[in-house]
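Encoded as structure tokens, the structure appears first; notes follow it.
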Amino acid sequence: MPELPEVETVRRGLTRELVGRRFESVRVGRERVARRTSRDLIELGLEHATVLSIDRRGKYLLLRLDNDCTAMIHLRMSGQVLIQQAADAERAHSHVVAELDDGRRFAFVDPRTFGEVVVVQNAELHSVCPELLRLGPDPIVDGLDAMDLWATFSRRRRRLKSMLLDQSVIAGLGNIYADEVCHRARLRPDRASDSLNARHVIRLVDSIDEVLVAAIERGGSTLGDGQYVAIDGMSGDFQNEHRVYGRTKQRCDSCRRGIIRRIIIDQRGTHFCPVCQR
DNA sequence: AAACAAACCTGTGCGC
DNA sequence: TGCGCACAGGTTTGTT
């Protein structure tokens, strides 16, 4: 579910509400969310730790703690991080719950339990989470270099969308934003990556920046199932700006001629306008 | 090397 | 109203 704009919205919310706060009485419910390490390591690592700052790389959240540990959180498809009032009812599927020193509650909620929480000593972060080392540049944190990206696209021959979804090429794009980016850049998602010229890739990088910045400004996309919400339970707004995602068979609002098509790329539903994307 | 398939789970929406 | 199936924002692993 959550892609870069949603995770960034969560990061900003947590930075506002959690930095300087201390975790108390941490409880890990379902062990599956602690599968990378253990229930004990999460509880021991978080308990009495104060949050110093919160970073994000792609879809990974990194909570820096004052006990030389980092908490890595990945929401995968259905994860949520919520800051609740003590009096609020505990949500179903709350797998990591902590009381905070101001009386509020931190909750990691995840019905499908694809998401996970890892708490490790800083020195062990990359051995326990080696995928962090394989992440490509984050468009917001690092910025993208169009010529580097062009080189990557030219070295190989994969479909454009497949490249955009590859977290080692660009960190943070997912199914919604990959489609929206291709549409803005007027490029078909099933185009061979090595068929793009430098101008195309510059257009693509501009589109990535525009879409992500706009989506972050709007607090991300909350789809009909309402699964993604910010830490205060608020929905995002960017779903109202989607030009292709979830608009199969509707007329393209950009060219007003094409009918949005849905195809499958890398087992993911892929939406594009056959008229304005080439 | 790239494409494809399945796996990990639960919830929801749709057609019948 | 109820049932069964398809599908969902992600990532990893294994097979063609």
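Computed from a prediction, not measured in an experiment: that's the story for all the values here. Naming convention: chains lettered A, B, ... in sequence-line order (proteins, then strands); numbering from 1 in each chain. For the numbers below, each heavy atom of this structure counts, side chains included, while hydrogens, waters and symmetry mates do not.
- Here Glu131(A) lies in heavy-atom contact (under 4.0 Å) with sugar-phosphate atoms only.
- A salt bridge links Arg218(A) to Glu241(A): at least one charged side-chain nitrogen sits closer than 4.0 Å to a carboxylate oxygen.
- Here Arg158(A) pairs with Asp166(A) in a salt bridge; the nearest charged N to carboxylate O distance falls below 4.0 Å.
- Rounded to whole Å, the separation between the P atoms of dC3(C) and dC9(B) comes to 25 Å.
- Applying the 4.0 Å criterion to OP1 and OP2 of dA3(B), one finds that Arg159(A) has a side-chain N or O inside that range.
- Using a 30° and 60° split on the angle between ring planes, Tyr177(A) and His242(A) fall in the perpendicular class, above 60°.
- Within a 6.0 Å radius of CE in Met147(A), other residues, nucleotides and ligands contribute more than 12 heavy atoms.
- The phosphate of dT12(C) has neither OP1 nor OP2 within less than 4.0 Å of any side-chain N or O from Arg35(A).
- If you measure from atom CG of Asp266(A) to atom P of dC7(C), you get 17 Å, rounded to the nearest angstrom.
- The OH atom of Tyr60(A) sits 12 Å away from the P atom of dG10(C) (whole-angstrom rounding).
- With Ser38(A) contributing its side chain and Leu41(A) its backbone, the two residues share a donor-acceptor pair below 3.5 Å.
- Atom C1' of nucleotide dA6(C) and atom CE of Met77(A) are separated by 13 Å, given to the nearest angstrom.
- Rounded to whole angstrom, the span from the CG atom of Leu75(A) across to the P atom of dG10(C) amounts to 11 Å.
- Computed from coordinates, the Ile265(A) CD1 to dC4(B) C1' distance equals 13 Å when rounded to whole Å.
- Rounded to an integer number of Å, the gap from CZ of Arg158(A) to C1' of dA3(B) is 10 Å.
- Judged purely by atom type and a 3.5 angstrom limit, Asp88(A) has no side-chain atom pairing as donor or acceptor with the backbone of Gln84(A).
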Test side-chain contact (heavy atoms from CB on, under 4.5 Å) applied to Arg184(A) and Glu210(A), step by step: CA-CA 9 Å; Arg184(A) 286 236 188 180; Glu210(A) 288 167 14; 3.5 Å; yes
Under 4.0 Å protein heavy-atom contacts per nucleotide of nucleotides 8-15 of chain B, with B for base, S for backbone only and - for none: BBBS----
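- Closest contact between the side chain of Arg268(A) and the listed nucleotides dA5(B), dT11(C), dT12(C) involves dT11(C).
- Across all strands shown, dA5(B) is found opposite dT13(C) as a Watson-Crick or G-U wobble partner, with both distances under 3.5 Å.
- In this structure, Ile176(A) atom CD1 and dA8(C) atom C1' are separated by 10 Å, rounded to whole Å.
- Nucleic acid contact for Tyr245(A): sugar-phosphate only, since backbone atoms but no base atoms lie under 4.0 Å from a heavy atom of the residue.
- Spacing between dA1(B) and dG10(C) at atom C1', rounded to whole Å, works out to 23 Å.
- Following rounding to the nearest Å, Phe153(A) (CZ) and dA2(B) (P) show an atom-to-atom distance of 12 Å.
- Among the heavy atoms of the strands lying under 4.0 Å from Arg262(A) are primed sugar atoms or P, OP1, OP2 only; no base atom is included.
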